[in-house]
S.K.: 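Structure provided below as structure tokens; questions to follow.
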Amino acid sequence: MNVNFSSFQGELRAYLYGEIDHHSAREMRRRIDGEAERQHPNTLVLDFSHVQFMDSSAIGLIMGRYRLMQLLGGYIRVSNVPPHLKRLIELSGIGALGVLEYKGKDRGNNESA
Amino acid sequence: MKALNEMKLSFKSKSINEGFARGAVASFLMQLDPTVAELADIKTAVSEAVTNCIVHAYPDGEGMIYITAKVLEGRIFTVSVRDRGCGIPDIKQAMEPMFTTGGEERAGLGFAVMQSFTDKLRVSSRPGRGTTVTMTKQLSHND
């Protein structure tokens, strides 16, 4: 499975796995949106710690979920981006949305494997 | 410039082939013993170019995508990605960051990524005939 979820006190955490491209982003989007619409979390966290590769489709994925959480009246955070993927995130300028969380470690360890 | 080595690849514009295409180019690049960052740069740039073909060149069906990769003297690597799709009416506009005709889920960053992850990007296109994107990267000398 390319997305796993855990939730705790209104925070829904989506752990993304593998490679994010235009092909895989479609399925990830479907699963994340389904879970977010079902749970209506205060905060949706996209956890990139298990992402090996991504292209700009991942930026589209973040932007689309940002819009979804605006509609649902919640927030979104992008968490645990591995160092080698930061260049693309920086190039995209999505930091201006205030969604990036680079320092955050060990939050929400109630992982559903 | 003379090519020291060359490979050609053709495949259908199915999104499942995006991973295959960048993986194949990355395997070919391995003979230059690239750094991890150089390998990631090429994979990302190829993924963007191939996705453009699938999303934009052939919006209503499948066509073929052609990749040629070359190793040139002086550790220079080139990749060209060609399609016979609809072409780009206004290349300058298409290359502007955040411009997209791909809908809400596309960031409009494809060309910006190709430009910033390689050293040189050339785009030629004829409406109704297709588009060729050629990227050149100078690899570091690690010895």
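Predicted, not measured: the structure shown is a model, and the values here were computed from it. Below, chain A is the first sequence line, B the second, and so on; all start at residue 1.
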S.K.: Is it the case that atom CD1 in I91(B) sees more than 12 heavy atoms from other parts of the structure closer than 6.0 Å?
M.R.: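 Atom CD1 in I91(B) is packed in, count exceeds 12.
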
S.K.: If you count heavy atoms of other groups shown closer than 6.0 angstrom to NZ of K70(B), is the number above 12?
M.R.: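 Incorrect, the count does not exceed 12.
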
S.K.: Non-hydrogen atoms of chain A under 4.5 Å away: do they reach the side chain of V55(B), the backbone, both or neither?
M.R.: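 For V55(B), the contact with chain A is made by the side chain alone.
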
S.K.: Among the clusters formed by ILVMFWY side chains lying less than 4.5 Å apart, do F53(A) and I20(A) turn up in the same one?
M.R.: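 No, it is not one cluster - the side chains of F53(A) and I20(A) are not joined through contacts under 4.5 Å.
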
S.K.: Applying the 4.5 Å side-chain criterion to the ILVMFWY set and letting contacts propagate, would F28(B) and V81(B) be lumped into a single cluster?
M.R.: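 Shared cluster, yes.
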
S.K.: Below 3.5 Å only, please: all the donor-acceptor pairs between chain B and chain A, one per line.
M.R.:
| from | atom 1 | to | atom 2 | distance (Å) |
| --- | --- | --- | --- | --- |
| S15(B) | OG | H23(A) | ND1 | 2.5 |
| S15(B) | OG | R26(A) | NH2 | 2.9 |
| I16(B) | N | H23(A) | ND1 | 3.3 |
| E18(B) | OE1 | H22(A) | N | 3.4 |
| E18(B) | OE1 | H23(A) | N | 2.9 |
| E18(B) | OE2 | H22(A) | ND1 | 2.4 |
| R22(B) | NE | E19(A) | OE1 | 3.4 |
| R22(B) | NH1 | D21(A) | OD2 | 2.9 |
| R22(B) | NH2 | E19(A) | OE1 | 2.6 |
| R22(B) | NH2 | D21(A) | OD2 | 3.0 |
| D41(B) | OD1 | R87(A) | NH1 | 2.9 |
| D41(B) | OD2 | R87(A) | NH1 | 3.1 |
| S47(B) | OG | D55(A) | OD2 | 2.7 |
| E48(B) | OE1 | S56(A) | OG | 2.7 |
| E48(B) | OE2 | S56(A) | N | 2.6 |
| E48(B) | OE2 | S56(A) | OG | 3.2 |
| E104(B) | O | R67(A) | NH1 | 3.2 |
| E105(B) | OE1 | R65(A) | NH1 | 3.2 |
| E105(B) | OE2 | R65(A) | NH2 | 2.9 |
| R106(B) | NH1 | S57(A) | OG | 3.1 |
| S116(B) | O | R87(A) | NH2 | 2.7 |

S.K.: When hydrophobic residues are tied together by side-chain contacts of less than 4.5 Å, even through go-betweens, does L88(A) share a cluster with M98(B)?
M.R.: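 Linked within one cluster.
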
S.K.: Would M114(B) end up clustered with F99(B) when hydrophobic side chains under 4.5 Å apart are linked, directly or stepwise?
M.R.: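 Per the 4.5 Å side-chain linkage, M114(B) and F99(B) are not co-clustered.
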
